[in-house]
Each structure stands twice: as C-alpha cells, then as structure tokens.
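Sequence lines set the chain letters: A, B, ... in the order given, protein chains first and strands last, and positions in each chain run from 1.
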Amino acid sequence: MITLENASRWYGQVIGLNDVTCKIEPGVTALLGMNGAGKSTMLRLITGQMKPTTGEVLVDGLAPFANPEVYKKLGYCPEIDNFYEHRTGRQFVQMMGRFAGYDAKEAASRTEQMLVLVGMADRADKKIAGYSKGMRQRIKLAQAMIHDPAIILLDEPLNGLDPMGRRDYINLLHYLAQQGKTILVSSHILFEVEQMTSSILLLHRGRLLATGHLRVIRELIDKHPHKVRLETTEPRKWAERIIAMPFVLSVKMDRGGLELQTREPNSFYDALEPIAVGEGLPITGFSSPDNNLESIFHYLVNE
Amino acid sequence: MTSYVFTNAFMEYFRMKRLFVWILVAIGMYLAAHAYLRVAGSDSPGDSYSMLSSLLLFRLLPLASAIFSSAVLSQEIEQKTIVYLLTRPIPRPQFLITRTLASSLVVVIMIGLSTLALSAAVYGGFGLKNPYLWHDMVAIVVGALAYGTLFVLVSLIVNRAMIVCLLFAFAWETSVPSMGGSIYLLSISSYLTAIAQRPSIDTSTGGGPLSAIANALGTNTLPADTGWAVMIGLILICGGVGAWWFKNNEYLPREDAE
C-alpha cells in the first residue's frame, strides 16, 4: 500500500505538490490531472527519486527515497522517452533484470516472458533507436514488470499507443490488477482513465481535489449545464428544433454549426437521433467541450 | 549484482566508438614521439621518454578522466536514463563507487595504450625495455582513480561539471605544478610525478624549450611516499564524500522538473 500523509513538495518558490493525504490500495488507481498538476511530482515522490519537503510518503511502511528495499517491490514506467538507444529492446529489459538482482539466465528468461506479455517478442532484437513511440511504451512497461513488483507506477503510459495498443495495454492493466497488484496510472485524459478504472485521485495545481469513484466526478459535471457542439450545414433548421426542447437552456449559432447548453445531456442525445434520421437534418460533427478535464476543474474550483 | 553493475558500466564506456578515438590518440602519440626523436636525436632515450611522458601522457590522463567520469552520472542525467538506474534495488553508494571504478579502469586501459605506444616509439619493439614504463603505469592507475573520484564528486555537486573538469585538467593541472613556492602541492599531477619518480631532464645537453617545459611540468622534489599518502587520502575522501552525497541527494533527469 502507498500512503501519503500531508505530503508537499516545493521547487524553490513553486509548489509541485501541496499537502496531499491519500492511500492507494491494490487495484488500478488513476492519477488524473492536467499538465503541471503535480502527477509526475507525486510519482517521483513515491518512487523515491525525490524527498517530500514536508509530510511523509511511505511504500509498504518504508520511506522510498534511495531505498533498495522499496525498489524490490516497485516497478516504474516513467513518462520520459529516453533509452540507451544503441541497445536492443531485449538487451535493455535484460539489463534492467540484471539490475534487479537476477543472474543472466533468470534475467533472460524473465525478459522473454515480459516481451511476450507486452507484445514485443518479435521486435525486441531491433535497436531501440528505430522504435516507434508505441514500441517504446511497451518496452518501458516490460522493464517495469521484469522483477514482478507488487506495485507498478505508470506515468502517462498510453501516450503514443495506437487504438489496438491502448486496448491491449488496458487489458494488461486489468489482468495485473486481478493478480492483486497495486497500479497507479497517471493521465490527463478523462476518456482514457474511464477505460482503465473508476478509482481516481484528482490533482489540480498540486492539490488533491477529489478521490474515490469516477462517478463522483461525473455527478459533479452533471450538476452544471452541459455544453454540446453540433457541426452541421443546416444550423438554422437545427436551432429551430433544438430551442423547442424543454431541457435546452440556450443555443448559439455560428457558420459551421451551433453550440448549446443543456441540463439533461442524456435526454438531449436521445432526442437528436429521431430528428436527424426522421427529418433528414445533417450532422457532420459532434463534440462536448465540457467532457474534458479543464472543464471539470473549472467546475470543481468554481473558476 | 555489484559485478554486473561493474561489467555493464565497463562495457558501456568501452564501446568500439570510444575505443577507436583512443586508438587514434595512441597512434598519434607514437607518431609524435617519432617526429620528436628525429628532431632531438642527441637526447638519451630516458630523457626523451621522460619529456614526452610529462608533456603528453600526464596531460592526457586528466582529460580522459574528465571525459569518462562524466559517463558515471552526468551523462545519465543529461540523457535522462538516470531514472531507470535509480529505481533499481542497488544501494546508491555501491552503484556510484562501482561505476567510478569501471570508468577508471577504462581510463587506465586507454592511457596505458598511449604509454605503450610512446614507449615503443622511444625504446623500439613493444617498449617493454623502458625502465620507467612500470612506474608510469602505476602512476596512471593512481591518477585515474584520483582524477576519477574527484571529477565524479564535482559532477555530483555541480551542473555541467564537464566544463569545470576540463578547465581543471587543462588550466589548473598545466599551470599549477610549475608555480613557485609550495602552490604546486595543490596539483594532483605533482603527486603523480612523485609516484612515477621519473628523472629530471638534463637541459644542458639539448632538448630546448620543450625539455624546460617538461621539467617544469613533470619533476619536483616530493618523495614517492608523500605522493602515495596524498593520493590515497584524496581517493578515499573524494570517493567517500561522493558516495555519501549521492546517497542523500536527489538526481533527476535534467530539465525535467515540473
């Protein structure tokens, strides 16, 4: 289990993490926050790369900074995309296995298992310099898992993965969680997080804004008028139909479509289809500007 | 695990790309020695070797140490690969000392190669008849460790340490040993010269200004015992302080802090 007790971290005059208290239990937990929210700082504190300025960070009851006992049970997949480019993926993972304390034979055997698990067995003998972003992500995951750690920390692991790769990666996380591992995944994309887990830690400007079930966040969103943007070649006709709907609060037209606010997004979405299909009104695009983290934080901090 | 950390670091530093440069340096050393012998034919082999060794080998040693010491930690920080190494179950002091030893060994091999080339040029054959060869080899081993631990300590404390180390290697180590009074005692090179115990060059029989410079750089009145005591002390202090510092301070990939 990972415990943070009033943990803060300052970078000179700038605060990276501000008085965070939380516990992270086995299973997948998402660390959600915009860029600069303090996600990487929190991961660096947990991985013992940094010390908290005040407060305490414990991994299974041990302070992680430069503590080999902690590193035996912790696997870390950093956000950075840097490697020993002249090495092959296999050599790199095997090297990490040797650093974890395995002899050459055991490290080679574990490397093979990990490469199969992350889907890189057939490409692992090429030099890392020639790897795509997705292949690099997989190799990073393999090196993090080589010593079968009980705790796995993944910093923005889905960056650069194609849809198939993301699906495989998320399935792998679920599999690992079923094995009883504690997995902490950082991300700034709500949609990504929803596919991985419903347990979240929400960071904003270094502070922990919310913890618990993702439903809490959803409910917070739904308390506010929900913005929807409709791209269409017939904005005037659509506006006539939409403004008549009782759950629509406002409609704003522009050249490419219209933007509206509704208190009942689900009812609104249900009402769209009959109009589009029955009356033949075109929709060329559809988006919800509210369905991103920035809007959520906007609501949460009442800005 | 320590043996793997050592082997891994050694193989990393001893890659063909790097080795190739130092083979070229050794060949350059051989050719430079031949060229010098043609010009100053009257010098005894001992004087010629002593002069070339002071002028070239013991200038090259801190330079090689500065380059390879940066690979111990600074390079990993610059390349951001430090994060993989510091999240492994290896005690930090053990990690640092082992990698410093590996880099020092590479320096000894590279400079040893140049020493042999120089000796071969002056004494012919493989240069093994050179009576000062083994003294110089011992001084090179001690020097590689002394410069190595000092430069690693600097790289732990100072950002962009390579510039500081190169300045030390070129400016400090070249000028300080020839300074008057007892200021020469502040140079590692002075103690290495004491350990090597090369003779003073007889400038009355020729050799010109090069011999005078070499004398200024390469000889002093320090006894070998003092050289040994100071160098061992320096290695232990720099190594110990470095290990302690590394254990208690944060090392993050450069330009990566939020």
Side-chain angles (χ1 to χ4, degrees), chain A residues 9 11-12 14-17 35-51 64-87 91-92 95-104 107 140 143-144 146-147 149 153 155 206, chain B residues 1-21 71-99 102 156 159 242-258:
Chain A
R9 169 69 198 207
Y11 298 101
V14 180
I15 193 152
L17 202 67
N35 289 332
K39 303 186 297 293
S40 295
T41 300
M42 189 162 156
L43 290 179
R44 288 194 191 118
L45 288 172
I46 297 169
T47 52
Q49 295 175 73
M50 295 192 317
K51 294 184 235 187
F65 182 77
N67 188 341
E69 286 309 309
V70 169
Y71 297 132
K72 283 179 188 168
K73 40 187 138 184
L74 191 143
Y76 178 47
C77 180
E79 187 186 5
I80 55 153
D81 205 21
N82 299 60
F83 289 91
Y84 300 93
E85 302 282 338
H86 59 283
R87 289 180 190 257
Q91 286 171 340
F92 174 65
M95 177 176 125
M96 292 298 123
R98 295 298 306 274
F99 280 143
Y102 298 116
D103 62 26
K140 272 197 281 183
Q143 65 81 28
I146 183 95
H147 54 304
L153 305 169
D155 199 353
Chain B
M1 199 194 298
T2 309
S3 65
Y4 180 72
V5 174
F6 182 86
T7 315
N8 179 269
F10 180 80
M11 297 309 287
E12 189 69 29
Y13 307 148
F14 206 66
R15 275 160 41 205
M16 200 55 215
K17 209 167 110 185
R18 287 178 175 169
L19 186 62
F20 181 70
V21 174
V72 172
L73 204 69
S74 300
Q75 211 170 291
E76 302 282 356
I77 292 172
E78 294 289 340
Q79 293 172 357
K80 302 181 181 179
T81 42
I82 187 78
V83 68
Y84 298 111
L85 304 177
L86 296 190
T87 51
R88 298 287 143 185
I90 310 163
R92 284 192 181 193
Q94 189 180 323
F95 174 82
L96 187 79
I97 290 167
T98 309
R99 282 175 69 94
L156 289 169
N159 280 344
W244 176 85
W245 191 276
F246 187 53
K247 185 175 185 286
N248 291 292
N249 286 282
E250 295 169 355
Y251 291 92
L252 294 167
R254 191 88 75 216
E255 294 158 359
D256 200 26
E258 281 185 36

- Message: I'd like to check Gln79(B) versus Glu85(A) (side-chain heavy atoms, cut-off strictly below 4.5 Å). Are they in contact?
- Response: no

- So, does Gln49(A) use its side chain to make a donor-acceptor pair with the main chain of Leu252(B) at under 3.5 Å? no

- Item | Most contacts with chain B, counted as non-hydrogen pairs under 4.5 angstrom, among Gly101(A), Pro78(A), Ala144(A) | Pro78(A)

- Side chain, backbone, both or neither: which part of Gln143(A) has a non-hydrogen atom closer than 4.5 Å to chain B? both

- Between Thr47(A), Asp81(A), Leu74(A), Asn82(A), which residue shows the highest count of heavy-atom pairs closer than 4.5 Å to chain B? Asn82(A)

- Query: In terms of heavy-atom proximity below 4.5 Å to chain A, should Ile90(B) be classed as side chain, backbone, both, or neither?
  - Reply: both

- Please test Arg15(B) against His86(A) for side-chain contact (heavy atoms from CB on, under 4.5 Å), starting from the C-alpha separation and ending with a verdict. CA-CA 10 Å; Arg15(B) 275 160 41 205; His86(A) 59 283; 3.4 Å; yes

- Query: Is the Tyr84(A) to Tyr84(B) ring centre distance short of 6.0 Å?
  - Reply: no

- Query: Counting only heavy atoms not in Lys51(A), do more than 12 fall under 6.0 Å of its NZ?
  - Reply: yes

- Item | CZ on Phe65(A) to CG on Leu86(B), rounded to 0.5 Å | 8.5 Å

- Message: Taking side chain as everything from C-beta outward and backbone as N, CA, C, O, which of these in Ile146(A) sits under 4.5 Å from a heavy atom of chain B? Side chain, backbone, both or neither.
- Response: side chain

- Counting heavy-atom pairs under 4.5 Å with chain B, the top scorer among Glu79(A), Lys73(A), Met50(A), Lys72(A) is Met50(A)

- Task: Measure distances from Lys140(A) to the heavy atoms of chain B and classify the residue's part below 4.5 Å as side chain, backbone, both or neither.
- Result: side chain

- Item | Verdict with reasoning, Arg87(A) to Glu12(B), per side-chain contact (heavy atoms from CB on, under 4.5 Å) | CA-CA 10 Å; Arg87(A) 289 180 190 257; Glu12(B) 189 69 29; 2.6 Å; yes

- So CD of Gln91(A) and CG of Asn8(B): to nearest 0.5 Å the spacing works out to 10.5 Å

